[in-house]
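As a basis for the values below, the full set of heavy atoms in this structure was taken, side chains included, without hydrogen atoms, waters or symmetry mates.
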Amino acid sequence: MRTVSMCFSSFSQVPRCRIYNLAHFWSERFHNLSRTCGYNSSSKIYDSKIYMLDGGNSRKWTRRSVTTNTQGRNKSGQCSDPRKLRQEILDVTVSTSATLNLNKIETSQYQQIQHIDIRQLIAQNKDLASLVTVIVFDTETTGFSRERDHIIEIALQDLQGGENSTFQTLVNPECRVLNSHIHGITTNMVNRPDVPRMEDLIPILLKYVKSRQKPGGCVLFVAHNARTFDVPFLCNAFRRCGVDIPSDWLFKDTLPMGREAMKSEGSKPSSRSISLQALREHLGIPLDGSAHRAMSDVKVLAAVFQRLTYMLKLPLASLVEDAFTASEIGTPKKKSSR
């Protein structure tokens, strides 16, 4: 039986932001669509379903009986006139068919709302940014190949702070570590029965992130060089274990932010000048722990990230709009309109 060894720590409690109910927002949008289509929401076979960002719903679809009243006449009784009976059956058929067609429109509209990009929603309503949880993270690996190498350490910090706002653990790659000179993590440190393998860690990691996530909200993961290093490694680790990255996880790379910040100061950025440690030194941020260890880099990045957003005057809504998803790894980044 494998035991999981992890490190949690606490920061000062920060009050949570006001929660804007996203379910209400989508519900209002749907009813507006209903009025636009020109049909009455009371003529439904199925009850409505309210989605939130996490894919949950407030209640299940429930079947309702279809009324057979036409122009106020009760069709439940028997009719002695065959011609009237035939007309009444025709009326019911037309009424039921129309109701079914309207229900198809309703379902289609809700499917469109369910699959609207989170980034588009926040672009349309900036108040929804209060539902975003920002988590800074960093990984250490056995090498630079996202296909062949493995994660050997991961650390996260929820910028909202509070109890258990950080998460850190070594990861057993079940192979030798040949680049210990970079991060100081040796084979003997990770190839141990008390260090979790990735397949053991993923359920715990998902549970931790869920515990930090705001109700009905999404998570914005921030990493330095996220697009070409940390996120591809994370995606491949999940893929190897047969697990999908949650659809409400977004990612933000601070490397382009560092480049923009240097340009805004009149400097010509280079790959060295926008490395995490170079930015830390440039911004006068002290080093906390050893460089190239996951939690140390997370603490540095948390400070760098907040300074960069201030320098570039980027609100949270803009950061989310410019974020990317796991499915977009390998696709070219869209140019910002800013």
Side-chain angles (χ1 to χ4, degrees), residues 2-14 16-17 54 131-142 150-173 183-185 189-190 192-215 217-226 229-241 243-254 276 287-306 319 323 326:
R2 297 180 180 274
T3 59
V4 179
S5 174
M6 299 185 193
C7 175
F8 295 90
S9 62
S10 302
F11 285 82
S12 57
Q13 182 67 40
V14 179
R16 290 183 175 270
C17 300
D54 59 3
L131 288 171
V132 179
T133 300
V134 181
I135 294 180
V136 176
F137 82 105
D138 184 68
T139 60
E140 301 299 333
T141 66
T142 58
H150 301 269
I151 294 173
I152 53 176
E153 187 179 36
I154 186 168
L156 304 90
Q157 178 182 335
D158 181 355
L159 292 189
Q160 187 171 244
E163 187 178 0
N164 294 332
S165 60
T166 63
F167 177 103
Q168 177 186 18
T169 181
L170 293 171
V171 184
N172 188 342
H183 38 60
I185 301 172
M189 289 172 62
V190 291
R192 298 159 50 100
D194 59 337
V195 174
R197 298 171 301 175
M198 185 54 73
E199 62 189 65
D200 304 318
L201 176 62
I202 286 177
I204 301 169
L205 180 62
L206 291 171
K207 187 174 181 179
Y208 170 77
V209 174
K210 197 71 176 177
S211 73
R212 306 302 304 180
Q213 193 168 353
K214 297 170 185 175
C218 66
V219 181
L220 179 66
F221 288 90
V222 177
H224 201 66
N225 202 18
F229 189 81
D230 296 276
V231 177
F233 266 93
L234 191 67
C235 290
N236 281 336
F238 271 62
R239 178 182 52 79
R240 290 186 190 112
C241 297
V243 181
D244 293 328
I245 296 286
S247 60
D248 53 8
W249 286 16
L250 299 175
F251 300 93
K252 178 64 180 176
D253 193 341
T254 54
L276 181 58
L287 179 63
D288 186 354
S290 302
H292 299 299
R293 285 301 300 267
M295 183 51 72
S296 175
D297 285 353
V298 160
K299 290 178 180 179
V300 168
L301 181 55
V304 168
F305 173 65
Q306 293 179 75
L319 294 170

K.L.:
Under the 3.5 angstrom rule, does the side chain of D200 hit a backbone N or O of R197 as a donor-acceptor pair?
P.N.:
yes
K.L.:
Under the salt bridge (Lys or Arg N to Asp or Glu O under 4.0 Å) rule, collect the residues that match up with R239, sequence neighbours excluded.
P.N.:
E147
K.L.:
Would you please say whether a donor-acceptor pair under 3.5 Å links the side chains of H224 and T254?
P.N.:
yes
K.L.:
Check the pair F167, I135 against side-chain contact (heavy atoms from CB on, under 4.5 Å), reporting the backbone distance first and the verdict last.
P.N.:
CA-CA 10 Å; F167 177 103; I135 294 180; over 6 Å; no
K.L.:
When the ring planes of F238 and W249 are compared, do they come out parallel, tilted or perpendicular, using 30° and 60° as the limits?
P.N.:
perpendicular
K.L.:
Spell out, as yes or no, whether a donor-acceptor pair under 3.5 Å connects the side chain of T141 to the backbone of H150.
P.N.:
no
K.L.:
Any donor and acceptor pair, going by atom type alone, linking the side chain of D253 with main-chain N or O of A226 inside 3.5 Å?
P.N.:
yes
K.L.:
Looking at side-chain heavy atoms only, is the closest gap between L156 and L205 below 4.5 Å?
P.N.:
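The answer is yes, as the side chains (C-beta and beyond) meet within the 4.5 Å cut-off.
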K.L.:
With sequence neighbours left out, write down each residue that passes salt bridge (Lys or Arg N to Asp or Glu O under 4.0 Å) with D244, or none if nothing qualifies.
P.N.:
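D244 satisfies salt bridge (Lys or Arg N to Asp or Glu O under 4.0 Å) with no other residue.
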K.L.:
Determine whether L234 and I154 make a side-chain contact, defined as any pair of heavy atoms from C-beta on separated by less than 4.5 Å.
P.N.:
yes
K.L.:
On the 0 to 90° scale, with breaks at 30° and 60°, tag the F137-F221 ring pair as parallel, tilted or perpendicular.
P.N.:
perpendicular
K.L.:
Sub-3.5 Å donor-acceptor pair from the side chain of D230 to the main-chain atoms of T139, do we have one?
P.N.:
yes
K.L.:
Is a donor on one side and an acceptor on the other found under 3.5 Å between the side chain of N172 and the backbone of R192?
P.N.:
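Yes, the answer is positive, given that a donor and an acceptor are paired below the 3.5 Å cut-off.
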